[in-house]
Amino acid sequence: MFLSRGASSLCSYRRPGLWPSFGLRCLSTKPHDPLRILFCGSDDFSIASLQALHAEHVKQPDRLASIDVVCRPGKRVGRGLKQIREVPIKAAATKLSLPVHEIDTFRGWQPPVFPDGPINLIVAVSFGLFVPPRILNGAKYGGLNVHPSLLPDFRGPAPLHHTLLAGRTKTGVTLQTLHLQHFDRGAILAQTPSPGFDIPNPNTCTVPELLGIVSPKGADILVEGIRQGLFVPPVKDAGWYSAKDEDLIHAVKIKPEARHIDWATWTSADISRRHRVLGPLWSKSLVFDEPSGPVPTFQQKRVILTEFDEVQPMKGADAFALVPGLPFIDGEHTVKADSGKGVYVFTKDGKLIKIHQMKVEGQANADALRAALKARMVGSRTFPSHDVPFAPFHNPLC
């Protein structure tokens with residue numbers, strides 16, 4: 001039943017992990033007008049929240065009257081930019097028969113107006129664009145955002161990546177208001193109780209796996225917050241996460257440089273974790289140019305390490321451990337592409353990594369030794385010792 005004035009007692013079941021206590025309890029619900037929501041989203045995390053909101057709309061259309069979806073336009077990709085990659089939430093919204101508005105900027109754009117009135121609540125989940133004050137101030141109840149971390153920890157656009165990179169074993173979700181000037185600076189309306197819920201298998205967990213865990217929890221906290229009317233002024237900041245400021249991490253956008261191996265400082269564990277969380281890592285190597293004179297010349301190429309693992313140290317390779325990031329081959333006097341030998345490199349903490357597959361700039365992904373020989377990363381000189389090193393490097397694999 002729609003509540004027009006006063007407060008009402010709402011009995012509901014609290015799902016574990018979202019609220020300070022759980023079980024059947026009665027909570028006060030703030031009254032509000034029927035909600036006409038403008039939902040701004042993009043990816044699977046936002047799709048879960050949209051689907052949960054739509055289910056709530058079907059159950060209680062008198063309280064949640066309508067949902068319009070805003071997303072970014074599709075981008076041209078592929079060779080010749082002939083293909084268009086649509087934002088995933090567009091297909092999800094279309095399947096739910098919800099109106100979709102594709103915009104790349106809010107400049108000059110106006111939200112829809114209905115016979116019953118204008119949009120009165122903005123919900124932005126993993127959207128990417130900043131919702132400007134003009135749009136927020138035009139909505140009676142402002143805006144809401146779901147964030148997959150225990151704010152203010154991991155504030156920023158890549159909380160899942162940074163949570164795993166930091167080696168955290170617990171995480172949470174937060175429901176906050178949309179701030180008029182900044183991302184992730186709104187009032188915290190609800191939050192997973194500290195210290196958060198467990199991340200299953202934190203030493204092997206990937207971003208897609210963590211996304212599958214936090215997405216339904218984010219959807220739950222959003223719907224529960226709307227049921228309780230937490231967005232109705234005056235809002236109450238319910239944040240209770242109390243980490244020291246120096247322990248908080250800013251989850252900045254992941255850029256290609258984050259996958260650039262720093263052999264001088266990264267340990268084997270650092271390399272393994274970044275490969276698991278961010279995808280294939282890369283370095284730069286000097287390779288031989290085509291012979292043009294008595295003095296060899298080199299050019300620098302990017303090398304992507306697509307498959308590798310840590311192995312036990314080899315006898316006679318200790319000298320290479322003195323220079324982290326200097327690749328070498330376990331070989332004999334002559335190195336051949338079909339010799340079955342491997343490409344190895346030591347890390348900062350003295351661990352030995354065997355590179356199975358790699359992609360040298362301008363070539364296809366291939367067996368590491370074949371790729372090294374084809375790219376002329378190996379010198380023509382032969383060695384009577386156990387190991388055959390690569391050609392000189394500009395800050396080895398830097």
Side-chain angles (χ1 to χ4, degrees), residues 75-81 83 85 158 161-162 164-165 206-207 252-292 295-311 320-331 335 337 341-349 351-381 387-398:
K75 292 185 177 181
R76 292 190 174 275
V77 297
R79 180 171 295 181
L81 301 179
Q83 297 179 339
R85 180 181 297 163
H161 294 80
H162 286 279
L164 295 177
L165 287 176
T206 63
V207 171
V252 298
K253 181 179 179 179
I254 300 296
K255 298 181 179 180
E257 194 64 25
R259 295 191 290 272
H260 188 174
I261 302 176
D262 183 353
W263 295 101
T265 62
W266 290 9
T267 65
S268 176
D270 293 331
I271 293 172
S272 177
R273 180 182 296 143
R274 284 184 176 257
H275 180 76
R276 166 169 52 91
V277 175
L278 303 180
L281 307 179
W282 59 275
S283 290
K284 289 183 179 179
S285 170
L286 292 180
V287 302
F288 285 99
D289 272 333
E290 292 295 330
S292 58
V295 179
T297 58
F298 307 91
Q299 62 175 310
Q300 186 170 262
K301 288 190 175 183
R302 178 175 294 200
V303 180
I304 301 175
L305 311 185
T306 54
E307 184 182 338
F308 60 86
D309 59 13
E310 183 179 323
V311 295
F320 292 103
L322 300 176
V323 187
L326 177 63
F328 63 95
I329 297 172
D330 62 326
V335 181
K341 304 304 178 181
V343 178
Y344 297 84
V345 61
F346 277 99
T347 61
K348 172 65 177 178
D349 55 339
K351 304 295 184 180
L352 183 62
I353 289 178
K354 181 176 182 179
I355 305 171
H356 300 286
Q357 299 277 324
M358 68 184 188
K359 183 181 185 305
V360 180
E361 182 179 340
Q363 299 181 13
N365 186 50
D367 171 80
L369 181 56
R370 288 178 178 273
L373 293 172
K374 184 176 180 179
R376 299 174 61 84
M377 293 173 64
V378 182
S380 59
R381 173 187 171 192
D387 306 300
V388 180
F390 278 24
F393 286 85
H394 173 66
N395 190 2
L397 277 180
C398 69

Side chain of His162, backbone of Val252: donor and acceptor closer than 3.5 Å? yes
Could you check Lys374 against Val360 for side-chain contact (heavy atoms from CB on, under 4.5 Å), going step by step and ending with a plain yes or no? CA-CA 9 Å; Lys374 184 176 180 179; Val360 180; over 6 Å; no
Working note: Val345 + Phe308, criterion side-chain contact (heavy atoms from CB on, under 4.5 Å); need CA distance, chi angles, decisive distance, verdict. CA-CA 10 Å; Val345 61; Phe308 60 86; over 6 Å; no
Taking atom CD as the centre, does Gln83 end up with more than 12 heavy-atom neighbours from other residues, nucleotides or ligands that are less than 6.0 angstrom away? no
Does any non-hydrogen side-chain atom of Lys351 lie less than 4.5 Å from one of Phe346? no
Atom pair OG1/CG of Thr206 and Leu164 - distance to nearest 0.5 Å: 7.5 Å
Applying side-chain contact (heavy atoms from CB on, under 4.5 Å), run through Trp282 and Glu257 and close with a yes or a no. CA-CA 9 Å; Trp282 59 275; Glu257 194 64 25; 3.8 Å; yes
Separation between CZ (Arg259) and CG (Leu305), nearest 0.5 Å, reads 12.5 Å
Would you give the length of the straight line joining atom NE2 of His161 to atom CZ of Arg274, rounded to the nearest 0.5 angstrom? 11.5 Å
Distance col, row Glu307:CD vs Lys354:NZ, nearest 0.5 angstrom, shows 10.5 Å
Are Val277 and Ile254 close enough that some pair of their side-chain heavy atoms sits under 4.5 Å apart? no
Roughly how far apart are Asp309 CG and His356 NE2, rounded to 0.5 Å? 3.5 Å
Can you check whether Thr347 reaches Thr267 side chain to side chain, under 4.5 Å on heavy atoms? no
Calculate, to the nearest 0.5 Å, the distance between atoms CD1 and OG1 belonging to Ile355 and Thr306 respectively. 9.5 Å
Leu278 and Leu165, any side-chain heavy atoms less than 4.5 Å apart: yes
With sequence neighbours excluded, tell me which residues meet side-chain hydrogen bond (donor to acceptor under 3.5 Å, both in side chains) with Glu310. Ser268
Near Lys301 NZ, under 6.0 Å, is it more than 12 heavy atoms from other residues, nucleotides or ligands? yes
With side-chain contact (heavy atoms from CB on, under 4.5 Å) as the test, would you mind laying out the steps for Trp263 and Ile271 before giving the verdict? CA-CA 9 Å; Trp263 295 101; Ile271 293 172; 3.8 Å; yes
